[in-house]
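Below, chains carry the letters A, B, ... as their sequence lines are ordered, and counting in each starts from 1. Predicted, not measured: the structure shown is a model, and the values here were computed from it.
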Amino acid sequence: MVKYTGKKSAASLLTTLLNLAWYAGLVLALFFIGVQTYFILSGPQLSGESMMLQIETTGMIFRFTEGFQFSAQDSLLVYQFSLVLPLIVIGLFIIFHLRKILASLANEEPFTVENSSRIKYIGWSVIIITFIKAVLSFLLGIYFSRMVVLPGLEISANIRLIDFSGILAGILILILAEVFKHGALLQEDHNLTV
Amino acid sequence: MAIIVRLDRVMADRKVSLTDLADKVGITMANLSLLKTGKVKAVRFSTLEALCRELNCQPGDILEYRQERIS
């Protein structure tokens, strides 16, 4: 049978994996910041002729080898990394709290006020990430629609309505945080009963 | 708290040490120490029963109610 909490359990294995993800994420974030800073600083020297534009959706990939106007001032990479960076930061924030929660599960002390707060932070992060994604993908859409100029092809940015499943997940996590808060109070009562 | 734990007094009368009592009652020394210093929120009837049995006393000997002054 699978052991979920305690030492050598699913929780402790996940803690190790999340620790790895945390450090990998930190390195990745630093790399992105570095690359982004480099391209912002050296942006005006970029030449559009050797560039290629690729747009990926879930089912299709559009590749434009010519017919798009590349303006060096607002470098594509800057936009791309602007989209990725906030998500990485919030993702790291979530991983940070998740690994603390899982570590407490591995120590078999899940019902604490700290864990309740951590779950609440994760819930809000999920909601915020949904909004950021909606806004940024719209901005990215505007940028692409301005860049690609092909005869007979019309591209327009789509205001994607907020992803309700993300908000729903966030609200459910917030409710779970309240459940944990209640659990923490019960745990305290239990601990202080002899 | 208006309930005061008089366990230390009863233990001193009976000349019982914390370790011995914890052993006989079947609770940890840490918990018994918390109870003695009045840092607990609740006492189980089973614990109270075991304490009274081992110390040969009444619950009233261990617990005392003192009205708190309302300021």
How close do A:V194 and B:T47 get, counting heavy atoms only, and between which atoms? O-OG1, 3.0 Å
Which pair of non-hydrogen atoms, one from A:N191 and one from B:N31, has the smallest distance, and what is that distance? O-OD1, 4.5 Å
Please indicate whether A:W22 has more than 12 foreign heavy atoms, meaning atoms of other residues, nucleotides or ligands, lying under 6.0 Å from its CH2. yes
Take atom CZ of A:F93 as the centre, draw a 6.0 Å sphere, and report whether it contains more than 12 heavy atoms from other residues, nucleotides or ligands. yes
Hey, is NZ on B:K39 packed in by over 12 heavy atoms from elsewhere, all under 6.0 Å? no
Going from NZ on B:K41 to OG1 on A:T193, what distance comes out if it is rounded to the nearest 0.5 angstrom? 8.5 Å
Would you kindly confirm whether A:L98 and A:Y23 end up in one hydrophobic cluster when ILVMFWY residues are joined by side chain heavy atoms under 4.5 Å apart? yes
